[in-house]
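A, B, ... follow the sequence lines: proteins, then strands. Residue 1 opens every chain. Every heavy atom of this structure was used, including side-chain atoms; hydrogens, water molecules and symmetry mates were not.
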Amino acid sequence: MSTGTAPNTETKKSGNLLKSNALQQILAFASLIVLILFFTISSDNFLNWTNITGILLSTTVIGIMALGTTFVIMTGGIDLSIGTGMTLCAVMTGVFIVFWDLPIIVGILGGILTGALMGFISGFSVSKLKIPPFIATLAMMMIAKGLALVISDATPIYFSDKPSFSEIALGSIIPGFNLPNGVLIFIIMAIIAGILLTKSIFGRFTTSIGSNEEATRLSGINTDKWKIIIYTVAGVFTGIAGVLMASRLNSAQPALGAGYELEAIAAVVIGGTSLSGGKGTILGTVIGALIMSVLTNGLRIMSIPQEWQTVVVGFVILVAVYIDIIRRGKSS
Amino acid sequence: MSTGTAPNTETKKSGNLLKSNALQQILAFASLIVLILFFTISSDNFLNWTNITGILLSTTVIGIMALGTTFVIMTGGIDLSIGTGMTLCAVMTGVFIVFWDLPIIVGILGGILTGALMGFISGFSVSKLKIPPFIATLAMMMIAKGLALVISDATPIYFSDKPSFSEIALGSIIPGFNLPNGVLIFIIMAIIAGILLTKSIFGRFTTSIGSNEEATRLSGINTDKWKIIIYTVAGVFTGIAGVLMASRLNSAQPALGAGYELEAIAAVVIGGTSLSGGKGTILGTVIGALIMSVLTNGLRIMSIPQEWQTVVVGFVILVAVYIDIIRRGKSS
Amino acid sequence: GSSSKNESEGSSESAGGDSGKPYIAIVSKGFQHQFWQAVKKGAEQAAKEFDVEITFEGPESESQVDKQIEMLRTAIDKKPDAIGFAALDSQASIPLLKEADEKGIPIIAFDSGVDSDIPLATASTDNKAAAALAADKMAEKIGGKGKVALIVHDQTSITGVNRRDGFVERIKEKYPDIEIVDIQYGGGDQLKSTDLAKAIIQAHPDLKGIYGANEGSAIGVINAVKEMNKQGKIVVIGFDSGKQQIEAIKDGTMAGAITQNPVGIGYETVKAAVQAINGEKVEKVIDTGFYWYDKTNLDNEEIKSAIYE
Amino acid sequence: MSAQLLRMEGISKSFPGVKALSKVRLDLNYGEVLALVGENGAGKSTLMKILSGVYQKDEGEIYLEGNKVEIPNAKAAQEMGISIIHQELNLMPDLTVAQNIFIGREPRTGFNFFLKEKELNEKTAELLEKLNINLNPKETVSDLTVAKQQMVEIVKALSYNAKIIVMDEPTAALTESEIKTLFDLIENLKNKGVGIIYISHRMEELKVISDRITVMRDGQYIDTLYTKDTDMKKVISLMVGRHIQDESRPTTTVSKEAETVLEVKNLSTKNFLENISFTLKKGEILGFAGLMGAGRTEVARAIFGADKIDEGQIFINGKEVKINKPEDAVKHGIAYLSEDRKRYGLMLEMDVNSNILISSLSNYVNWLTFVNDSKGYVTSEEYVKSLKIKTPSIKQLAKNLSGGNQQKIVIAKWLAKNCDILIFDEPTRGIDVGAKTEIYQLLNELAQQGKSIIMISSELPEILRMSHRIIVMCEGRITGELTNEEASQEKIMDYATRTRS
Ligand SMILES: Nc1ncnc2c1ncn2[C@@H]1O[C@H](COP(=O)(O)OP(=O)(O)OP(=O)(O)O)[C@@H](O)[C@H]1O
Ligand SMILES: Nc1ncnc2c1ncn2[C@@H]1O[C@H](COP(=O)(O)OP(=O)(O)OP(=O)(O)O)[C@@H](O)[C@H]1O
Ligand SMILES: [Mg+2]
Ligand SMILES: [Mg+2]
């Protein structure tokens, strides 16, 4: 029969893989690049340094939440508490720094720890009490929302007396280079998250649990413990987002944050992380978050009426994810 | 073979099943009954006919959305578009009845059809375009939100000229029995949903797809088609909820509904439906929806400060689901 | 059972607390925002003064008409001696108001009225007129011409719409040289409003002024101007008060703002309710007034009592 | 090495409604292969899951090297030196081969927190080389075939350097060459003093590798025999409690005039298949033989519409048909019984009844599309009886049945649908001898009733015994076609290894 047509299947395959990998990297950015090009052409005011830092700064809070929640989603879970949880962290930071007059650094750590604690409780509910992540974190979302109002007495906490606090997000630590610290922190957190996910046992177990939790457990890994750790780490990210938010607004606003979780989750999924777990990248999440904020910013710059903005964002999410699906389908 | 033992196990088994089934039925209500008892003891104003119909009426809209979304969740999917989608249906009903002056019944059908159409699009995105349900319906949620504002010009549409329209939710068709029609409609829809889920081929395939979609497809069932049907049917429920909402408020309020999807989904999950699909009951969803509205109502009647109400609701959700999990663990 | 309890005996029995004091249920348009917290504060002051008991609640966002209806429904079921009500939608609540009326519960409207005669009194200010004043001030500060933009908290609620339309209509009527280039809605969310305002400034480099229609929106504008180093280059007009606006006025970022005396609204509402309970005559319209405040009059006693930190 | 390596005594275990084990015992010596046999549902896997810490026993004792032990979880079992290859695959599909094998034991640095991925891959490559197994450490497991995945599972179990290795049907998904590799490995381990418990339904294997055979039936211990003194027929009769007839060639023939019901012409897929053409006659059993990855499953899935066809035509009863999805295939009377029943065959969370009726549900509905349950129950009960499906009731969840009985449910599903062309992909994988014979009988009966059958199998004796005609595949092509008379194991292997070179 037909001999000698295809050479060695194995070399053919790895050749394909290499090519498709390079293509993948480029195509993952495709939606983002198309958007940027489109807005640059449509408006003179889009592509300049002020607006770029503006976009980046507006990405930080949602972006950092998205980074943390990428880990949770990678396990096949979900975290709905990050929006209002972030607010609770901001409020606690305010309580520590303004009400209790603790040093700023202690207050920041306190805020982050609040996030970690919430993550811990969610993780505990999910792994030990076996409550589905959706419901455990939905409950946590409500609890955080209520507590933020209770603790702050439904009044914003102002950091006006601590001028250096707003430097955390808005100062610019690199001299001569006008990049807000908030953006820097986002970049650093993204790098840390990336290393955690790909280079550490933490990331390995995250992927493994998301891929097949039972098999992971049967391999002798304490999946319950690790799930608690993963939710707690995600909580740390939420805490950092909360501190940044407080710093940027120079106040802890207790009524904020409802609905932010969906934006963060959307960023994660647009970035190609699978909601059923096991598959995802931090770079993807960063791109996903950027797509969201470039889109919002661009539409605003173009003065599109707001109701239409919502429609367009919804539509772009559909298209971006669909393109990603086709790309994957092609490359595999 | 050992014939002697076999029949023995069978009778023993069915005996156990009977016992545990009866227990299940009672225990599923447990959280609800405890809540009702608690509030009855705590406040004189809780258990009386006006308040009971009040609670039931306040369950209708979220409850009907929850009924529809039970099917979607049973397939292992999720529908985040029901909140703002419901609003879009209400707005469309307003457009048909008030702007275009069509007969009320046509307007109602139009509103319901709008829901069906949205469900169809979501179902199509999920099954044909392979977009994950979370993201497909998140996009749909945004699109519906924007469109509701665009179409209504961000202004409520009032049905004041059509006095009979408000009868749909608030009238009372059974003479001498002061039960709002809205509640009646909710009960009827629950019965229909229950029959659909347990007795019809539609329900069987819903469960089957949620249990193992690929195996269902390989059994020669057009799972794509059925998923579209399921989302469309869920959309019909959303449409009915929208009409009821419009009737109750005697107006279509275009900015309503964001976040309602989470309440409906919470009701479904509290009712014991598994978010990974394949398992769930309509009775459970009804109980779940009642738990939510009894809780909210009871806390208000007790004049608990609002911020604490949120905390308590979050906490009760956790406990209710945890009890349900323990109950299941015991009974299996 | 308790379900057979006769409802008509309700109002005199006073059901809110065990204390036997008259009970007034207040259903507001919101509770998280500072404006409503200030209204609540005023209401609490009055409650203390007149020795009555109150509860104060409102939905999370001013679009949730249905949630407010639920709250009003439960409020009626609690058999209060009077109800204070700020309607999110002037029509949707009418059936319930009728029911309350039938049960003999006096109703005092506040913040904005209802399309009905049922409320014995309405304690409010004219949002539209207040916003028009903001427009006049804006025109004055930018010299009567140039581009301005609006950040509004809500696109559908009465408050949002009136505070927008009052401004826009006045500009159109009186200042043909002023162009309104953009109106965006930030839900009163400080962060979203900040990014919104930044994008608007970015899109219109020659923008002369921005008007923020409530506290959150105004703070967003302040933040945006600060983050983009446009202090003094863009005229910022705010609405409501709060620490950040007052500070921004002091440091010159904000030209000034309109306040509606929310504390007064809350106080007058409860006061009118108490009068109604006692069978006294209440004034049909209680105008709580609005004020322009800026650097020059911050220390004014009248202003001080109308703003909150 | 004074005491025995392992002794389990009086082990009992119940699941709701099922007493899976009652007072079972088992012992294992150093350097020994103990075969554990029994019909489907006899309790073999359950016993081994107790040993490996997955389930907790209700009563009984376990002695490891003379010491009484409790095994509370999987990790404890590993630490005691007990390692298991589960009957179902237990892999993380998104991780690579190396990552799967060393999960939880990765080479690390920096506070034991960061991974040394390069070292991990090297270590794995070394291990694979030592075991003489051809796998790429960096390949993602989900990209591997079932057989290769099974090899990963085996390598993982061996990598623990355990004292006891349990292999629960390790060869069910393997083909001859890999089975040989595995047997060499087992021989090696024996020489090192490792004790192996080996579960399999393939009697001929037991003869080759086991030292002793423990037989179980209905959750009870029956007997333990020395392999070399025992005739396999005796083992089988102990297992099933009755005598089993064994044929070696088909009992029926297909007449030359029988009409062609299915014809496939030049079927190709972009990725793999090349010009597949063959015919299937009424009443014929057509065997598909080949090595692992030869493409037989791909052909079946392509015909059934489960995967996309890029080129080629399909004729049914002489008429060309377009099959784009399984629904089309079923409408044309084609049924497909997949090789991986858990993933592609069953709704594990649904009951036996629903699983049996799923394909034919439209026969049991009224005009309102309401399902007539009582009518359906009758059908289900019938098949449970005629296929001897061991279940407490048709209301039992599919996941609670043993592997073999699950397979029978899938068969029942297609019988209930009454399709004319039946594609059986590895129909006897993981099925005990008793049930196997029943399935063979069933296939023959179906053929006699005029149904046409394609039977894909990796077991050559099975192919030879059942098929009227045999098609051999290699690397996505058909390399040979044999009538039953011409066929022999050697000839088939010859065609099956005709790789391009
Ligand atoms: N988790 C479970 N819940 C309920 N019943 C179970 C469960 N696991 C196993 N069983 C039952 O226990 C019995 C023994 O099953 P087991 O899987 O041990 O059989 P087996 O001998 O391994 O069969 P096979 O050869 O088919 O794999 C069967 O009747 C099975 O249905
Ligand atoms: N989409 C694909 N792209 C590339 N190769 C593929 C694809 N799908 C399957 N293959 C390869 O095609 C070959 C045929 O696999 P298939 O499962 O059909 O073989 P089989 O003869 O049924 O063997 P087995 O005993 O493993 O079931 C395998 O080597 C597999 O890796
Ligand atoms: Mg087994
Ligand atoms: Mg195969």
Response to the item:
Counting heavy-atom pairs under 4.5 angstrom with chain B, the leader among A:L80, A:V150, A:V321 is A:V150
Fill in: Nearest-0.5 Å distance that lies between atom CE in B:M142 and atom OG1 in A:T310
8.0 Å
Worksheet item: Can you name the residues of residues 259-274 of chain B that have some heavy atom under 4.5 Å away from a heavy atom in chain A?
Response: B:E261, B:L262, B:I265, B:A266, B:V269
Worksheet item: Non-hydrogen atoms of chain A under 4.5 Å away: do they reach the side chain of B:M140, the backbone, both or neither?
Response: neither
Worksheet entry | Contact list for residues 65-94 of chain B, test salt bridge (Lys or Arg N to Asp or Glu O under 4.0 Å), sequence neighbours left out | none
Response to the item:
One option among A:G146, A:A136, A:P133 has the most heavy-atom pairs under 4.5 Å with chain B, and it is A:G146
Worksheet item: For A:L275, is it the side chain, the backbone, both, or neither that has a heavy atom closer than 4.5 Å to a heavy atom of chain B?
Response: side chain
Worksheet item: Taking everything shown except B:K227 itself, do over 12 heavy atoms lie less than 6.0 Å from its NZ?
Response: yes
Worksheet item: Counting heavy-atom pairs under 4.5 Å to chain B, which of A:L149, A:V316, A:V311 comes out on top?
Response: A:V311
Fill in: Rounded distance (nearest 0.5 Å) linking atom CD1 of A:I317 with atom CE of B:M141
9.0 Å
Discussion item. Before you tell me yes or no, could you show the steps for B:I131 and A:L318 under side-chain contact (heavy atoms from CB on, under 4.5 Å), namely the whole-Å CA-CA distance, both residues' side-chain angles and the distance that decides it to 0.1 Å?
Written reply: CA-CA 8 Å; B:I131 298 175; A:L318 269 189; 3.6 Å; yes
Worksheet item: Looking only at heavy atoms, what is the nearest atom pair of B:G314 and A:A139, with distance?
Response: O-CB, 3.2 Å
Discussion item. If you apply the rule side-chain contact (heavy atoms from CB on, under 4.5 Å), what do you find for A:I325 with B:L129, and how did you get there?
Written reply: CA-CA 8 Å; A:I325 286 165; B:L129 308 185; over 6 Å; no
Item to complete: Please test B:I78 against A:F134 for side-chain contact (heavy atoms from CB on, under 4.5 Å), starting from the C-alpha separation and ending with a verdict.
Response: CA-CA 11 Å; B:I78 201 153; A:F134 192 98; 3.5 Å; yes
